[in-house]
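Comments concern the structure below.
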Amino acid sequence: MTATRPYDPTEIMTSFTLHTRDLIQVLSGYGKLILIIIALSFGTATNDLNASPEEDVKTVAALDTKYQAAVKSNDVATMDQILADDFVLVTGRGKVSSKADLIESARKKEVTYERQDEEPGTQKVRVWGDTAVVTALLWIKAVQGGKPIDYKLWFSDTYVRTPTGWRYVFGQASLPLPKAEPK
């Protein structure tokens with residue numbers, strides 16, 4: 001017959017405490033990592049949120065110029081980075097395109113651009129809190145579907161500030177403008 005030991009509550013507590021302490025040490029390592037990630041995210045978001053309206057205007061103006069250059073060179077990676085996932089473009093003829101549509105077109109190089117440039121001095125950026133609208137006159141000269149195109153149009157690009165920075169969410173383009181009469 002085996003003798004039973006008397007009940008010792010400290011033995012159970014000691015075992016529980018050792019396991020809990022190990023668990024806390026493991027979690028605290030991950031906890032520190034999580035806190036660092038959160039702090040860095042807050043730092044990034046806070047910097048953008050604390051930007052002055054003038055800084056926001058400069059940031060969005062540069063981002064839109066970068067986007068136009070990406071379109072011109074069919075730079076899918078840059079376009080993907082700037083466009084919001086739920087992006088929509090509406091042309092003057094009423095055609096609606098999504099981010100996926102624009103990315104696919106660039107990937108296939110459906111348009112070969114000679115020019116895809118804002119006319120100097122026409123870009124205007126207006127910021128209202130976390131929303132910015134860029135308007136400019138755009139000159140497009142390219143080959144599309146084997147045919148040359150050459151026209152100017154006005155566009156409005158809407159950007160929204162997100163936790164990861166400004167994203168292009170909505171674009172609207174006019175019909176091509178009539179050619180100017182030679183003087």
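If you read the sequence from its start, that first residue is 1, and numbering goes on from there.
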Margin query: Applying side-chain contact (heavy atoms from CB on, under 4.5 Å) to Q68 and L138, what does each step give before you reach the verdict?
Written below: CA-CA 9 Å; Q68 300 305 334; L138 187 67; 4.0 Å; yes
Checklist line | Working for side-chain contact (heavy atoms from CB on, under 4.5 Å), residues K179 and D150 | finding: CA-CA 9 Å; K179 297 272 185 198; D150 185 0; 3.8 Å; yes
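- K99 contributes a side-chain N or O that, together with a main-chain N or O of D80, makes up a donor-acceptor pair within less than 3.5 Å.
- For the pair K109 and R107, the minimum side-chain heavy-atom distance is 4.5 Å or more.
- The hydrophobic clustering, which links ILVMFWY residues whose side-chain heavy atoms are closer than 4.5 Å, places V71 and L153 together.
- In this structure, CD on E114 lies 8.5 Å from NZ on K72, to the nearest 0.5 angstrom.
- The shortest heavy-atom contact between Q123 and A136 is CA-CB, 3.7 Å.
- From E119, atom CD reaches atom NZ of K152 across 3.5 Å, with rounding to the nearest 0.5 Å.
- Under the 3.5 Å distance criterion, the side-chain polar atoms of T122 are left unmatched by any main-chain donor or acceptor of E118.
- R161 places a side-chain N or O within donor-acceptor distance of the main-chain N or O of G129, the cut-off being under 3.5 Å.
- Taking hydrophobic clusters as Ile, Leu, Val, Met, Phe, Trp and Tyr residues chained together by side-chain heavy-atom distances below 4.5 Å, W139 does not share a cluster with L137.
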Next item on the list: Step by step, work out the side-chain contact (heavy atoms from CB on, under 4.5 Å) result for W154 and Q172.
Entry: CA-CA 9 Å; W154 281 97; Q172 190 162 19; over 6 Å; no
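- Of the charged side-chain nitrogens involved, none lies within less than 4.0 Å of a carboxylate oxygen, so that D85 and R167 do not count as a salt-bridged pair.
- Between the side chains of S98 and D101, at least one donor N or O lies within less than 3.5 Å of an accepting N or O.
- Hydrophobic clustering of Ile, Leu, Val, Met, Phe, Trp and Tyr side chains at less than 4.5 Å, counting indirect connections, keeps V134 apart from V160.
- L83 and V111 fall within the same hydrophobic cluster, defined by Ile, Leu, Val, Met, Phe, Trp and Tyr side-chain heavy atoms under 4.5 Å apart, directly or through other members.
- A donor atom on one side chain and an acceptor atom on the other are not found under 3.5 Å apart for D64 and Y168.
- Taking CG of D75 as the reference point, atom CE of M79 lies at 8.5 Å (rounded to 0.5 Å).
- Taken from OG1 in T91 to CG in L175, the straight-line distance is 7.5 Å, to the nearest 0.5 Å.
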Next item on the list: Just do the side-chain contact (heavy atoms from CB on, under 4.5 Å) check on D157 and V133 with the steps written out, would you?
Entry: CA-CA 6 Å; D157 292 346; V133 176; over 6 Å; no
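- Aromatic ring centroids of F170 and F87 lie 6.0 Å or more apart.
- Using a 4.0 Å cut-off between charged side-chain N and carboxylate O, E104 and K108 make a salt bridge.
- One distance of note links CG of D56 with CG of L63; it measures 11.5 Å at 0.5 Å rounding.
- Contact check for V96 versus L89: no side-chain heavy atoms found under the 4.5 Å cut-off.
- In the hydrophobic clustering of this structure, Y151 groups with Y113; members are Ile, Leu, Val, Met, Phe, Trp, Tyr whose side-chain heavy atoms approach within less than 4.5 Å, directly or through other members.
- The two residues L177 and S174 have their closest heavy-atom pair at CD2-OG, 4.4 Å.
- The nearest pair of heavy atoms linking Y67 to L102 is OH-CD1, 3.6 Å.
- Without hydrogens or angle criteria, N74 side chain to T112 main chain gives no donor-acceptor distance under 3.5 Å.
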